[in-house]
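To keep things clear, I will list the structure first and then write my remarks on it.
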Amino acid sequence: MESQHTFHIPVMGTAFTADSALKVAHYGINTVIALADDVLLERLRKHYSNVYSLSYKEIKNDTKDYRADRITAYLEMVNQLASEKFEEFTTATKDKFEEVKKYFAMLPDGSDIKQEFNRLTESSFSFEDLSCWLKDNLSMGSIDVNIMTKVDKKNYFKREELPSEYNDAHAGLRGYANSNLASSVIFSAGMNPRLYGYIANFDDFFPDKNGYIKKKIILKVSDYRSAVIQGKFLAKKGLWVSEYRIESGLNCGGHAFATDGYLMGPILAEFRDKRQELINDTYAICKMALEANSRTIPEKILPIKITAQGGVATAEEHNFLINYYKLDTVGW
């Protein structure tokens with residue numbers, strides 16, 4: 001089920017959104033965990049295991065794949081806790097009704113589901129009926145992850161260099177791929193052909209006949225040309241990019257995007273005007289690759305989302321970006 005919100009919380013540094021899913025996922029808000037620092041994630045897993053009385057066994061750095069194992073363990077813990085919070089949230093009771101109303105207050109005024117909730121609660125209702133309606137109509141926020149593709153240093157075990165799949169970004173990808181999450185991985189900081197090729201080792205990144213992809217790919221890009229190049233590169237491996245996320249050069253993420261002086265507006269306009277062309281051209285390549293590798297071909301052409309983030313200061317700017325540039329969501 002798609003998120004009802006028109007905003008998402010982007011990744012912020014290596015730590016600021018590391019546990020944000022535990023705070024907002026039950027409100028249906030999508031957020032992103034950086035996979036750069038496995039030591040931090042292991043410490044957070046220990047902390048939250050103590051807070052929520054979960055069993056905890058430390059994953060030490062005395063095995064080849066400790067980085068991936070730490071990431072998998074942390075993501076699955078966050079998924080478990082966020083799912084429990086969402087189940088509790090949608091089991092509506094009188095004492096939790098104010099929290100439910102807060103959820104709907106965060107939705108855009110034009111939201112159909114918000115209007116339906118208002119109609120439902122204006123008339124007489126039972127909390128049992130409300131709970132059934134919430135479970136049928138709401139979804140938990142997506143617990144996405146971010147991998148900076150160029151942060152892919154080699155690693156060693158007992159002073160011997162390990163194969164490339166144990167590099168930092170590769171291990172981060174494997175940690176996510178081995179988890180039970182159904183969400184998205186966001187690749188940022190440019191293209192890493194070897195890492196992109198490694199994605200094809202994991203079935204969760206490929207579509208089924210209905211077009212469902214358990215683990216979707218999002219590319220953070222600076223312009224349309226970058227999206228075309230990277231999208232087609234992945235399509236040649238049968239991998240579909242479900243979202244292109246354009247980040248403003250004003251965003252305080254420490255990145256300097258080379259856009260030849262183009263500002264955000266013209267870049268977003270090109271995505272708006274060429275969205276269908278991007279879908280058609282990329283899908284044709286992806287379909288051929290799926291056929292060549294005897295993989296399932298979706299019955300319908302796969303969709304993409306165009307989103308943006310950074311440099312947004314007011315609700316008016318947010319609405320302008322959504323309406324004028326036809327964006328799916330905006331990151332705050």
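All residue numbers in this chain count up from 1 along the given sequence. Side-chain atoms are counted along with the backbone in the values below, which use heavy atoms only and exclude waters and symmetry mates.
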Of all heavy-atom pairs between [X] and [Y], which one has the smallest distance, and what is that distance?
X      : Y      : answer
Phe271 : Ile306 : CD2-CD1, 3.8 Å
Ala182 : Tyr212 : CB-OH, 3.7 Å
Ser188 : Asn146 : OG-ND2, 3.2 Å
Ser183 : Asp144 : CB-OD1, 3.4 Å
Gln4   : Ser111 : OE1-OG, 4.3 Å
Ile143 : Ala21  : CG1-CB, 4.0 Å

Could you check whether any side-chain heavy atom of [X] comes within less than 4.5 Å of a side-chain heavy atom of [Y], counting everything from C-beta outward?
X      : Y      : answer
Thr329 : Asn30  : no
Leu290 : Pro207 : yes
Ile9   : Val32  : no
His8   : Gln309 : yes
Tyr56  : His47  : no
Leu138 : Ile113 : yes
Asn61  : Arg70  : yes
Thr31  : Lys23  : no

Rounded to the nearest 0.5 Å, how far apart are [atom1] of [X] and [atom2] of [Y]?
X      : Y      : atom1 : atom2 : answer
Ile322 : Thr6   : CD1   : OG1   : 5.0 Å
Ser222 : Lys220 : OG    : NZ    : 11.5 Å
Asp136 : Ser131 : CG    : OG    : 9.5 Å

Is it true that, when you exclude [X] itself, more than 12 heavy atoms of the residues, nucleotides or ligands shown sit nearer than 6.0 Å to its [atom1]?
X      : atom1 : result
Glu128 : CD    : no
Arg225 : CZ    : no
Tyr324 : OH    : no
Asp95  : CG    : yes
Lys96  : NZ    : yes

### Message
I need the full list of side chain to side chain donor-acceptor pair (under 3.5 Å) pairs touching residues 233-242, with sequence neighbours left out, sorted by first then second residue.
### Response
none
### Message
Going by side chain to side chain donor-acceptor pair (under 3.5 Å), name the pairs with one or both residues in residues 273-292, residues two or more places apart or in two chains.
### Response
Glu270-Lys274, Arg275-Asp328, Gln276-Asn280
### Message
Before you tell me yes or no, could you show the steps for Thr307 and Leu327 under side-chain contact (heavy atoms from CB on, under 4.5 Å), namely the whole-Å CA-CA distance, both residues' side-chain angles and the distance that decides it to 0.1 Å?
### Response
CA-CA 5 Å; Thr307 66; Leu327 299 179; 5.8 Å; no
### Message
Just checking His5 against Tyr103, ring centres under 6.0 Å apart?
### Response
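Yes, the ring of His5 comes within the 6.0 Å limit of the ring of Tyr103, centre to centre.
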### Chi angles and distances behind the side-chain contact (heavy atoms from CB on, under 4.5 Å) call for Glu58, Glu42
CA-CA 8 Å; Glu58 181 183 1; Glu42 180 66 12; 3.9 Å; yes
### Task
Take Phe205 and Leu173, measure what side-chain contact (heavy atoms from CB on, under 4.5 Å) needs, and give me the verdict at the end.
CA-CA 11 Å; Phe205 291 98; Leu173 175 65; 3.8 Å; yes
Side chains of [X] and [Y]: do they bring a donor and an acceptor to under 3.5 Å?
X      : Y      : answer
Lys135 : Thr90  : yes
Thr149 : Tyr196 : no
Ser226 : Gln230 : yes

Can [X] and [Y] be counted as an ion pair, charged N to O under 4.0 angstrom?
X      : Y      : value
Asp208 : Lys214 : no
Lys102 : Glu99  : no
Glu122 : Arg119 : no

### Query
Phe125 and ring-ring contact (aromatic ring centres under 6.0 Å, His included): which partner among Phe117, Phe97, Trp133?
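Passing option: Phe97.
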### Message
Quick check with a 6.0 Å cut-off and a 45 degree axis cone: is Lys215 positioned over the face of Phe202's six-membered ring?
### Response
no
### Task
Tell me, with the steps shown, if Glu98 and Lys101 meet salt bridge (charged side-chain N to carboxylate O under 4.0 Å, His left out).
CA-CA 5 Å; Glu98 289 302 316; Lys101 287 198 289 186; 3.0 Å; yes
### Task
Could you tell me how the ring of His318 sits relative to the ring of Trp332: parallel (under 30°), tilted (30 to 60°) or perpendicular (over 60°)?
tilted
### Task
Indicate the ring-plane relationship of Phe89 and His26, choosing parallel, tilted or perpendicular according to the 30° and 60° boundaries.
perpendicular
### Query
Quick check: does any side chain N or O of Tyr74 sit under 3.5 Å from a backbone N or O of Leu40, one acting as donor and the other as acceptor?
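Side chain of Tyr74 to backbone of Leu40, a donor-acceptor pair under 3.5 Å: no, none is there.
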Examine [X] and [Y] and state if one hydrophobic cluster contains both, with Ile, Leu, Val, Met, Phe, Trp and Tyr joined whenever side-chain heavy atoms are less than 4.5 Å apart.
X      : Y      : value
Tyr48  : Ile59  : no
Tyr66  : Val145 : no
Tyr156 : Val39  : no
Ile297 : Ile304 : yes
Leu22  : Leu54  : yes

Show every donor-acceptor pair shorter than 3.5 Å between a side-chain atom in residues 162-171 and any protein atom, with sequence neighbours excluded, or say none if there are none.
residue, atom, partner, partner atom, Å
Asp168, OD1, Asn155, ND2, 2.8
His170, ND1, Asp152, OD1, 3.2
His170, ND1, Asp152, OD2, 3.1

### Message
Apply side-chain contact (heavy atoms from CB on, under 4.5 Å) to residues Leu278 and Tyr244 and explain how you reach the verdict.
### Response
CA-CA 11 Å; Leu278 179 60; Tyr244 294 90; 3.6 Å; yes
